[in-house]
Q: 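I'd like to ask some things about the structure below.
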There are 4 protein chains.
Amino acid sequence: MKKPVKDTPVKRARGRPRDLAAKETILRAARALLDEGGPGAVTMEAVATRAGVGKPTVYRWWPDRHAVVMAALMSATPSTGSPAPSGATAIEALRGQLREIAMRFASPTGRHITSMLAAADAESELARAFRGHFVLARRAEGRAILERGIAAGEFRSDVDIEIVLDELYGAVFFRLLLGHASLDVAFVDRLVRQAITGMSASA
Amino acid sequence: MKKPVKDTPVKRARGRPRDLAAKETILRAARALLDEGGPGAVTMEAVATRAGVGKPTVYRWWPDRHAVVMAALMSATPSTGSPAPSGATAIEALRGQLREIAMRFASPTGRHITSMLAAADAESELARAFRGHFVLARRAEGRAILERGIAAGEFRSDVDIEIVLDELYGAVFFRLLLGHASLDVAFVDRLVRQAITGMSASA
Amino acid sequence: MKKPVKDTPVKRARGRPRDLAAKETILRAARALLDEGGPGAVTMEAVATRAGVGKPTVYRWWPDRHAVVMAALMSATPSTGSPAPSGATAIEALRGQLREIAMRFASPTGRHITSMLAAADAESELARAFRGHFVLARRAEGRAILERGIAAGEFRSDVDIEIVLDELYGAVFFRLLLGHASLDVAFVDRLVRQAITGMSASA
Amino acid sequence: MKKPVKDTPVKRARGRPRDLAAKETILRAARALLDEGGPGAVTMEAVATRAGVGKPTVYRWWPDRHAVVMAALMSATPSTGSPAPSGATAIEALRGQLREIAMRFASPTGRHITSMLAAADAESELARAFRGHFVLARRAEGRAILERGIAAGEFRSDVDIEIVLDELYGAVFFRLLLGHASLDVAFVDRLVRQAITGMSASA
DNA sequence: GGATAATCGAGACGGTACGTCGCGTCTTCAT
DNA sequence: ATGAAGACGCGACGTACCGTCTCGATTATCC
């Protein structure tokens, strides 16, 4: 019997439930506008019109323009790229993941994501989710790879994992942000190699 | 004859010359607004009012809002922090410079700069200047330090210099952008150490 | 057998009957809002919330906002003020009724009623009822008084009754509408006197 | 010499002067909308769009929707109808003016004016101007006619002028407001006759 | 007594208009 | 010609209500 226990109160709202289809339609419209004209084109009015939805409905789901853009970006991109190539060595897995990131972000959409990352001022719930979705989840994935590499003897046991992660992912986003050099496969390969090698003359 | 020699062809305009003091006043006003309310508070109208200046005067100096914010930020910060500590070893010089950067950017203003870096979409002249002023100049400084270190035998001669620079500066801005971990002296020291050590188990 | 004759075909509906108490509650809420903030404050949402009622319930009883305001006003005011002072002369009765009207309408609620009178654009059923309730019923009462006065010899037999009625009630509402002069007892008395006297120099 | 005296400070504003042509264009647009769809069609957005003007420009001239409608109505109608027929007798002049009013107001526009009269809640400057423009100016004109009539011996010298004015103009607006009877020439003629005759049986 | 049906409170929905704010340009007078 | 002042056309903002709809729950009549 399940009824008497009632461990999950099921959260029965009183009024008409929100239309989840509308939410999806709105995100789709926002995404389309984003592709066509960049973040600047994603205005609340354009989104609402395009989605065939009233403006207040958009505001019922997200508090402001910013949040809609973030949600649209998130809804379009899976958090983790490919399933981590577990069969390979840690180095290969790392290289594979960084290549995937570099490739994915070297696009207008990638620039938009970076812009939103930088513009997300506050410690809002959504900003946190956004950072997690696009960056920190992959960074955590990388941490697992590093730990695997250490366990397998590919990397030294005293590697400063958090620092290495910041080095690797930081370098990729640095090139994206500054645009001073290309963001391609060759770059990623050199990046991994250098992080492994280090600079020490004593080696 | 009207001024035939004119050793400095200063381009004497016909009418009233531009008021150079106004430019400074405007930048000061923009900076004050930036400190008080972030980049969002730096509206052209607020800047003009605050500076006691007409809006067209602002537009005479900068093409748009964005440019004013960038100029205000740039006017407040010297391009290179302290004169590079040339007496020290390259490692110490690197550590010193990175500490200086981390300290300077771990502030609201630092966040604003990063926001502007990300928002500067196009390859505009001013965006280039902005990136150069705040990041690439220091990165070039870092390159000189690395080259000095290689010459001095502190670093291996086959170090991938450009990659190392992206690793180091990228890691700092990555923490700034994501806010997932602290940006302090200890971080910088670990960062430099790890970049030197590398991850290789064979060492 | 249950009710074979059914003398009153009561039209028993199938489902749950309407809650008559809700209607009263709604009107009470509308009236309260009217007093507090004027007709503009009587929004459907405010009425429903205040009455603790769903919006559709309000719409089940009245077709739109307008109708609710009218109904609220009507529910608060009896159609005829005091029982016509039949013992008095026609002149006194007339004066008494006009005084009562002037007094009752010289109030915020009176202004609201006049506003609704003017705003009631169409020949809707409810607009007709509203005009009847607040004005035409009293005008009809006045007609009876005039006829009594003629029969009693107080007024000439060739008095243009409809015109006189418009003169008298019109004058009152004119002052209310324009606000160019006070609407008090003295005014009513002068009004009645002048209507009786006329302007003719030949008298 | 005019300069040194400076009796009229000329009201030299500092910035760009307001565009009077824009004001006219806006009023023209509002008038057109009013004719086409009544007061409800005169929305700020429609007015601005129709006039080819930004919404803030409309708000620069009038504080809200209401004021625009009033201004539009006023701009379309001359305050006084025809130049008072001074050659005629006072009675004829009175009849002529009342006929003109009745004719002019027995139209959709007339209804709109009456609506606005009733809706103009506050003692705002514009509401006062509106009442003056459409009603009180003509009432004042009527007062002059009455005084002329008294001086000429057409009316008794002890006529209660203010009351008579309210009777006459009030009756016209009463019919307009209530719509219980026609508002035509015959009505006006009967109205004037009755106001002159009075009701007194003693006459 | 169980099915049927209209009502109830609640509140989300597609809309429309509100009044405000900021953009970047234009127009005025004074310097 | 440049300065300040500020109005201009434009367009997006976020809010308030409109009148309709969709829920689950409630209350009545009908079979």
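Here the structure is a predicted model, which means the values were calculated and not measured. So you know, we letter chains A, B, ... as the sequences are listed, proteins then strands, and number each from 1.
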Q: Whether D:Trp61 contacts F:dC8 is assessed here as follows: a side-chain N or O lying under 4.0 Å from the phosphate OP1 or OP2. Is that the case?
A: yes
Q: Quickly work out the A:Arg16 CZ to F:dT22 P distance and round it to whole Å.
A: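 Result: 6 Å.
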Q: Nearest nucleotide by nearest heavy atom, which residue falls closer to the 5' end of DNA chain E, C:Ala48 or D:Tyr59?
A: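 Closest to the 5' end, via its nearest nucleotide, is C:Ala48.
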Q: Whole-Å distance between E:dG14 C1' and A:Ile26 CD1?
A: 11 Å
Q: How far apart are the closest heavy atoms of A:Leu117 and B:Arg111, and which atoms are they?
A: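 Nearest heavy atoms, A:Leu117 then B:Arg111: O-NH2, 4.0 Å.
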Q: Whole Å only: how far is the CG atom of D:Asp64 from the P atom of F:dA16?
A: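 Answer to the nearest Å: 18 Å.
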Q: Is there side-chain contact between A:Phe130 and A:Ile113, with heavy atoms separated by less than 4.5 Å?
A: yes
Q: Going by atom types only, do A:Arg31 and A:Ser75 share a side-chain donor-acceptor pair under 3.5 Å?
A: yes
Q: Once you round it to whole Å, what is the distance between C1' of E:dT20 and CZ of D:Arg65?
A: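 Computing the D:Arg65:CZ to E:dT20:C1' distance gives 18 Å.
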Q: Can you name the residues that form a side-chain contact (heavy atoms from CB on, under 4.5 Å) with A:Ala67, not counting sequence neighbours?
A: A:Trp62, A:Pro63, A:Asp64, A:Leu126
Q: At what distance, to the nearest 0.5 angstrom, does CZ of D:Arg50 lie from OG1 of D:Thr43?
A: 11.0 Å
Q: Between F:dC17 atom C1' and C:Leu33 atom CG, what is the distance in whole Å?
A: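 Going from CG in C:Leu33 over to C1' in F:dC17 covers 14 Å.
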Q: Within this structure, what is the CE-to-C1' distance between B:Met44 and F:dA4, rounded to whole angstrom?
A: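 It works out to 16 Å between those atoms.
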Q: What is the separation between atom NE2 on C:His66 and atom P on F:dC18, rounded to the nearest whole Å?
A: 13 Å
Q: Over all heavy atoms of both residues, which pair between A:Ala118 and B:Ala118 is shortest? Give the atoms and the distance, please.
A: CB-CB, 3.1 Å
Q: Just the table, please: protein N/O against nucleotides 9-11 of chain F N/O, every pair under 3.5 Å.
A:
from	atom 1	to	atom 2	distance (Å)
F:dG9	OP2	D:Thr57	OG1	2.7

Q: For A:Leu20 and F:dC23, what is the distance between atoms CG and P respectively, to the nearest whole Å?
A: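 In whole Å, F:dC23 P lies 12 Å from A:Leu20 CG.
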